[in-house]
Amino acid sequence: MGCCYSKKVIRTPGYKDPTILASETPFTVSEVEALYELFKKLSSAIINDGLIHKEEFQLALFRNSKRKNLFADRIFDLFDIKRNGVIEFGEFVRSLGVFHPNAPVEDKIKFAYRLYDLKQTGFIERAELKEMVLALLRESDIVLSDDVVEAIVDKTFSEADTKGDGKIDLDEFMDMVKNHPMLIKNMTLPYLKDITLAFPSFIFNAEVENIE
Amino acid sequence: YNLNAFDIISYSEGFDLSALFEEK
């Protein structure tokens, strides 16, 4: 005897089974389902196609879809694992997983390193470091003379570049973060531990019965 | 200058993903 009610839920193009995503990330199945509620909201803000476009990402971060920001651009590009210009649900969950309080610190450092490797050469070069400092100063309307910026970049670079080859590699970056853990403070979002409380509606749309 | 360039960068608003979770 079948049930008279069958729930038909329409999923977005990049939708992935929450059980699989939960097995590959620090999230539980319920948390992945709650993230789907967030994803639906973000991905329908401008174009309702179930994908997060860069303008929607900027809108969510800055309440302004046109606002440009070097670091938001880099984060979007890293979330867009397939490099097709949009963030799919699976990419969203896998990338946010790095920001989970329980994610390995090494993953957080590697993500930050890739973020800072603007030219994606596998190294952070001095020019990239200066470019990022200047971008932050522009963003925050802080005025520092070029001499001061040069001095800050020089000091950081000489501390990090322990091999003295003019570039910061991943090992050097890891060592520096170990000495200054606050450098990756933004790589942890405590909020992710409470995601099911923020989006309780996931219960009504859940496909997986949770036994966690 | 006792400032770390990476520390300065980490204060970017573009790096603060907590805004994704705020009610719009």
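Quick note: numbers below take in every heavy atom, side chains included, and nothing from hydrogens, waters or symmetry partners. Every chain is numbered from 1 and lettered A, B, ... according to where its sequence line falls, protein lines coming before strand lines.
Inter-residue side-chain proximity for A/L183 and B/S10 is flagged as unmet; no heavy-atom pair is nearer than 4.5 Å. The side-chain heavy atoms of A/Y191 and B/L17, taken from C-beta on, include no pair separated by under 4.5 Å. Counting only heavy atoms from C-beta outward, the side chains of B/N4 and A/E159 approach each other to under 4.5 Å.
With a 4.5 Å cut-off on non-hydrogen atoms, A/R74 does not touch chain B at all. Heavy atoms closer than 4.5 Å to chain B are found nowhere in A/L70, neither backbone nor side chain. When heavy atoms are compared at a cutoff of 4.5 Å, A/I168 approaches chain B solely by way of its side chain, counted from C-beta outward. The contact between A/F99 and chain B is made entirely by side chain atoms (from C-beta outward), counting heavy-atom distances below 4.5 Å. For a residue to count as touching a neighbouring chain, one of its non-hydrogen atoms must lie under 4.5 Å from one of that chain's; by this rule A/F39 does not touch chain B. Neither the backbone nor the side chain of A/Q58 has a heavy atom closer than 4.5 Å to any heavy atom of chain B. If you measure heavy-atom distances from A/F76 to chain B, you find no contacts under 4.5 Å at all. Only the side chain of A/I195 comes within contact range of chain B, judged by heavy atoms closer than 4.5 Å.
By the 6.0 Å contact criterion, CE on A/M174 is enclosed, its count of non-hydrogen atoms from other residues, nucleotides or ligands being greater than 12. The number of heavy atoms from other shown groups lying within 6.0 Å of CD (A/E24) is above 12.
At a heavy-atom cut-off of under 4.5 Å, chain B is reached by A/L115, A/Y116, A/I124 from residues 107-127 of chain A, listed in order of number.
Between A/T156 and B/L3, the shortest heavy-atom distance links the atoms OG1-O, 3.8 Å. In this structure, B/F21 and A/L192 approach most closely via the heavy-atom pair CZ-CD2, 3.5 Å. Closest approach of B/F15 and A/F71 over heavy atoms only: N-CB, 4.3 Å. What you find for B/I8 and A/I152 is that their closest heavy atoms are CD1-CG2, 3.8 Å. For A/R63 against B/E22, the heavy-atom pair with the smallest separation is NH2-OE1, 3.8 Å. The shortest non-hydrogen separation linking B/E13 to A/E139 is N-OE2, 2.6 Å.
Screening A/L61, A/L189, A/I52 against B/L20 for a side-chain contact (heavy atoms from CB on, under 4.5 Å) leaves a single residue, A/L61.
In this structure, A/N186 contributes its side chain and B/D16 its backbone to no donor-acceptor pair below 3.5 Å.
Ranking A/M187, A/K130, A/M132 against chain B, the residue ahead of the rest is A/M132, based on heavy-atom pairs under 4.5 Å. No other option in A/L38, A/D73, A/L129 has as many heavy-atom pairs under 4.5 Å with chain B as A/L129.
Of the inter-residue distances, the one linking A/I142 atom CD1 with B/Y11 atom OH reads 10.5 Å to the nearest 0.5 angstrom.
Counting only residues at least two apart or on different chains, the salt bridge (charged side-chain N to carboxylate O under 4.0 Å, His left out) pairs with a member in residues 175-194 of chain A are A/K185-B/D7.
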